[in-house]
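Below: one structure, written as structure tokens.
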Amino acid sequence: MALAAVITRLQVREDLRCTVEELLWRWLRIARVPLAATTAELVEGHIRSYLLPHLGTIPVRELRARDITLMFEAIEVRNEEIRRAQETLAAAQEAQRQWRAQYGPGRGRPRRDAVAPPVPEPLLPSFPDHPQLRIAGPAAQQRIRQSLRSALAHAVKRGMIPEEMAALADVPTGRGRTAR
């Protein structure tokens with residue numbers, strides 16, 4: 001009986017020093033059992049791509065709604081970077097397509113009747129690696145928030161934090177399509 005009490009006290013102390021990253025992985029290990037495989041993979045993607053880069057190092061007891069709101073603001077900034085990169089890539093692909101239509105299929109032998117190209121074939125741009133590879137729209141951001149809320153609800157049940165902060169964070173809401 002006394003040993004069980006000591007173990008419980010040690011676990012509580014360990015839980016109080018827990019970071020958001022440690023909490024998320026613990027929670028996923030427990031939550032994975034009832035989740036469908038695709039749902040578990042989706043949640044793990046949320047953790048790796050969004051939650052860990054922005055919140056992972058914060059101790060769970062120090063996590064505030066403002067931290068979560070800042071994460072969603074950073075996701076929006078990254079969304080804009082992705083949109084600009086997509087526009088740049090589309091323009092480069094169009095320039096390359098036009099070049100190939102005029103001068104031939106590409107490097108090596110041009111078409112027999114093609115004029116020698118005055119400029120080299122346009123190259124496609126490359127972009128630096130980043131955990132967020134796709135635009136996370138409002139619906140995706142709501143799912144990311146729900147993943148975090150589930151993990152924080154687990155922390156509330158274990159007595160690690162007094163309340164679940166993700167419910168208080170500002171998250172973009174998308175307007176659904178309305179019937180006409």
Side-chain angles (χ1 to χ4, degrees), residues 19-25 27-29 31-32 35-58 63-152 165-166 169-180:
T19 64
V20 172
E21 178 177 8
E22 293 165 343
L23 170 71
L24 289 169
W25 291 128
W27 166 77
L28 184 61
R29 207 173 36 248
R32 196 178 272 279
L35 294 177
T38 54
T39 304
E41 289 174 13
L42 179 70
V43 170
E44 187 173 340
H46 294 161
I47 291 171
R48 289 185 192 284
S49 300
Y50 305 101
L51 300 173
L52 291 186
H54 297 286
L55 305 174
T57 60
I58 300 172
L63 182 66
R64 299 291 175 255
R66 180 74 182 135
D67 300 321
I68 299 166
T69 300
L70 289 173
M71 174 187 71
F72 286 110
E73 289 173 3
I75 289 172
E76 281 300 320
V77 168
R78 178 65 183 157
N79 284 344
E80 274 307 307
E81 292 172 1
I82 293 170
R83 283 186 192 96
R84 282 194 305 274
Q86 288 174 337
E87 291 168 2
T88 302
L89 182 60
Q93 287 172 331
E94 178 60 22
Q96 189 178 56
R97 189 195 61 73
Q98 289 176 358
W99 187 92
R100 287 181 176 179
Q102 184 174 2
Y103 298 113
R107 298 182 183 101
R109 294 181 53 191
R111 290 191 331 228
R112 288 184 183 181
D113 60 342
V115 179
V119 294
E121 178 179 4
L123 299 175
L124 298 179
S126 62
F127 302 100
D129 288 338
H130 191 279
Q132 182 183 348
L133 300 174
R134 301 184 331 187
I135 291 175
Q141 291 182 40
Q142 289 293 335
R143 287 190 299 272
I144 293 164
R145 176 178 157 198
Q146 186 56 45
S147 297
L148 179 62
R149 286 191 70 181
S150 294
L152 293 176
M165 289 293 159
D170 294 327
V171 182
T173 58
R175 296 193 177 250
R177 295 182 181 170
T178 56
R180 294 188 188 237

Between [Y] and [X], is there a side-chain heavy-atom distance shorter than 4.5 Å?
X      : Y      : answer
Val43  : Arg143 : no
Glu44  : Arg48  : yes
Glu73  : Thr69  : yes
Leu148 : Tyr50  : no

Give me the atom names and distance for the closest heavy-atom approach of [X] to [Y].
X      : Y      : answer
Ala40  : Leu28  : O-CD1, 4.5 Å
Asn79  : Arg134 : OD1-O, 4.2 Å
Leu55  : Asp67  : CD2-O, 3.7 Å
Ile75  : Ala136 : CG2-CB, 3.9 Å
Met165 : Ile68  : C-CD1, 3.8 Å
Ser147 : His46  : OG-ND1, 2.9 Å

Hey, what do you get for [atom1] ([X]) to [atom2] ([Y]), rounding to the nearest 0.5 Å?
X      : Y      : atom1 : atom2 : value
Glu87  : Ile82  : CD    : CD1   : 12.5 Å
Leu52  : Thr57  : CG    : OG1   : 10.0 Å
Ile135 : Glu76  : CD1   : CD    : 9.5 Å
Leu63  : Thr19  : CG    : OG1   : 11.0 Å
Leu89  : Glu94  : CG    : CD    : 12.0 Å
His54  : Ile144 : NE2   : CD1   : 8.5 Å

Requested in this report: Compute whether any side-chain donor of one residue and acceptor of the other, for Gln142 and Gln146, lie under 3.5 angstrom apart.
Outcome: no

Query raised in the report: Under the salt bridge (charged side-chain N to carboxylate O under 4.0 Å, His left out) test, which residues partner Arg78, sequence neighbours left out?
Result: Glu81

**Report entry** Neighbour count above 12 (heavy atom, 6.0 Å) for Arg83 CZ
**Finding:** yes

Report task. Spell out, as yes or no, whether a donor-acceptor pair under 3.5 Å connects the side chain of Thr39 to the backbone of Leu35. Result -> no

Query raised in the report: Would Val20 and Leu24 satisfy side chain to side chain contact (heavy atoms under 4.5 Å, CB included), going step by step from the backbone distance to the final call?
Result: CA-CA 6 Å; Val20 172; Leu24 289 169; 3.7 Å; yes

Requested in this report: Would you check, one step at a time, whether the test side chain to side chain contact (heavy atoms under 4.5 Å, CB included) holds for Arg149 with Arg145?
Outcome: CA-CA 6 Å; Arg149 286 191 70 181; Arg145 176 178 157 198; 3.9 Å; yes

